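Some notes on the structure that comes next.
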There are 2 protein chains.
Amino acid sequence: MYELIRRKNMAEQIKPTESELEILNILWDKGPSTVRDVHEVLEQSKDAGYTTTLKLMQIMYEKKLLKRDATTKSHVYTANVSQEKTQGQLVKKFIDSVFNGSASQLVMQALGNHKTNKKELDEIRKYLEEMEKRSK
Amino acid sequence: MYELIRRKNMAEQIKPTESELEILNILWDKGPSTVRDVHEVLEQSKDAGYTTTLKLMQIMYEKKLLKRDATTKSHVYTANVSQEKTQGQLVKKFIDSVFNGSASQLVMQALGNHKTNKKELDEIRKYLEEMEKRSK
DNA sequence: TTGTGTTTACGAAAATATTCGTAGGTTTGT
DNA sequence: ACAAACCTACGAATATTTTCGTAAACACAA
């Protein structure tokens, strides 16, 4: 007989859908918000009803992507996953599926096609130097 | 009365789904292949039936993501979109939806989380120098 | 010829993601 | 108190993506 073991440190897969990611982005940007707050931002870029946003956020709550405070009349939602960690996972998955695991290929593609401006390039160069220093 | 104008230079959106991208990757790697060829590679990493692969490739053909030579008994398929262009579009979309348009943020996230090795870092540094030279 | 194996085409089921209508509760202003 | 405005919950319709069963055509060997 077998038994499923649930490991504590099993890195949890954060897998927001397209729409869910839009909402996470808003919450990361604005901090704790009501459904209406989020919906007002979303409305600017897409055209969906209020209850659609509500439903999405409820689903995300069930999936533990969001926390919420339900003591107030209008529930206040907060992201329950960190932006860094989520971005990290998304980038990893993206690199695997699009660039067969090669981060440097992604980097060069990103730098090449996007007319990255001087300031951004400087940041990156500084960052590279930092990495090199640390690895010595 | 209105009339839809189809512009010649309207950059066509290449929007493969997850599964379609897997198939494109195989075709870019192996070159022209039959459904069976593709399916044998696919089988190694996932578990799906032959007709599933077939159907996917037929759909991709309808969408013009693939070309095919149907003169032979086993049709031979080829990618009909370039790897570079497709990757470019995917990266752009990814940067927009995950990093709010900032390529440098993506780059730093990619370099930071992925223990990129020395060789890769060197490539990137060289690439940056090239860019700088050209922009002078 | 007949059977075995391989192929394409096609429709539809299954799985997943998105959207929205409606019901019922709470708050607010008059 | 009453109506208008706003909120949540929830089921279900839509849309999209993935999977597969089945039929028909063809090749090849016995």
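If you're wondering where the values come from, they're calculated on a predicted model, not measured in any experiment.
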Give one of base, sugar-phosphate or nothing for B:Q58, where a contact means two heavy atoms less than 4.0 Å apart. base
Mind calculating the distance between CD (B:E18) and P (C:dA15) to the nearest angstrom? 19 Å
Side-chain ion pair, B:D96 and B:K92, N-O less than 4.0 Å: yes
Regarding B:T52, tell me which of base, sugar-phosphate or nothing describes its non-hydrogen contacts under 4.0 Å with the strands shown. base
Mind checking if A:T51 touches a base, just sugar-phosphate, or nothing, with heavy atoms under 4.0 Å? base
Main-chain N/O of A:T51 paired to A:T53 side chain as donor or acceptor, under 3.5 Å: no
Rounding to 0.5 Å, atoms CD1 (A:I14) and NZ (A:K93) come to a distance of 12.5 Å
Using whole Å, report how far CE of A:M57 lies from P of D:dA9. 12 Å
Of all the nucleotides listed (C:dA17, D:dT17, D:dT8), which has the minimum atom distance to the side chain of A:K15? C:dA17
Do B:V76 and B:L54 sit in one hydrophobic cluster, given that two such residues count as connected whenever their side-chain heavy atoms are within less than 4.5 Å of each other, even indirectly? no
Would you indicate which nucleotide in C:dA9, D:dC7, C:dA12 comes nearest to any side-chain atom of B:K55? C:dA12
Quick one: pull up NZ in B:K63 and CD in B:E20 and give me the separation to the nearest 0.5 Å. 3.5 Å
Ignoring backbone atoms, test whether A:Y50 places a side-chain nitrogen or oxygen under 4.0 Å from the OP1 or OP2 oxygen of D:dT8. yes
Can you find a pair of side-chain heavy atoms, one from B:E123 and one from A:V107, that are under 4.5 Å apart? no
Would you jot down, in residue-number order, the residues of residues 59-68 of chain A having a non-hydrogen atom under 4.0 Å from DNA chain D? A:R68
Quick check: closest heavy atoms across B:S102 and B:I95, and the distance to 0.1 Å? N-CG2, 3.6 Å
Nearest-Å distance for atom pair NZ/P, residues A:K73 and C:dT28: 9 Å
Quick check: do A:N25 and A:L21 have side-chain heavy atoms less than 4.5 Å from each other? yes
Contact residues, residues 24-48 of chain A to DNA chain D [heavy atom, < 4.0 Å]: A:R36
Integer-rounded Å distance: D:dT19 C1' and B:L56 CG: 9 Å
Please tell me which of the listed nucleotides, C:dT8, D:dT18, C:dT18, lies nearest to the side chain of B:T17? D:dT18
Value in whole Å for how far the P atom of C:dC20 lies from CG of A:L54: 13 Å
Could you tell me the separation between the NE2 atom of B:H75 and the P atom of C:dC10, rounded to a whole number of Å? 11 Å
May I ask whether B:L42 and B:I59 are part of the same hydrophobic cluster, defined by side-chain heavy atoms of I, L, V, M, F, W, Y residues being less than 4.5 angstrom apart, directly or through others? no
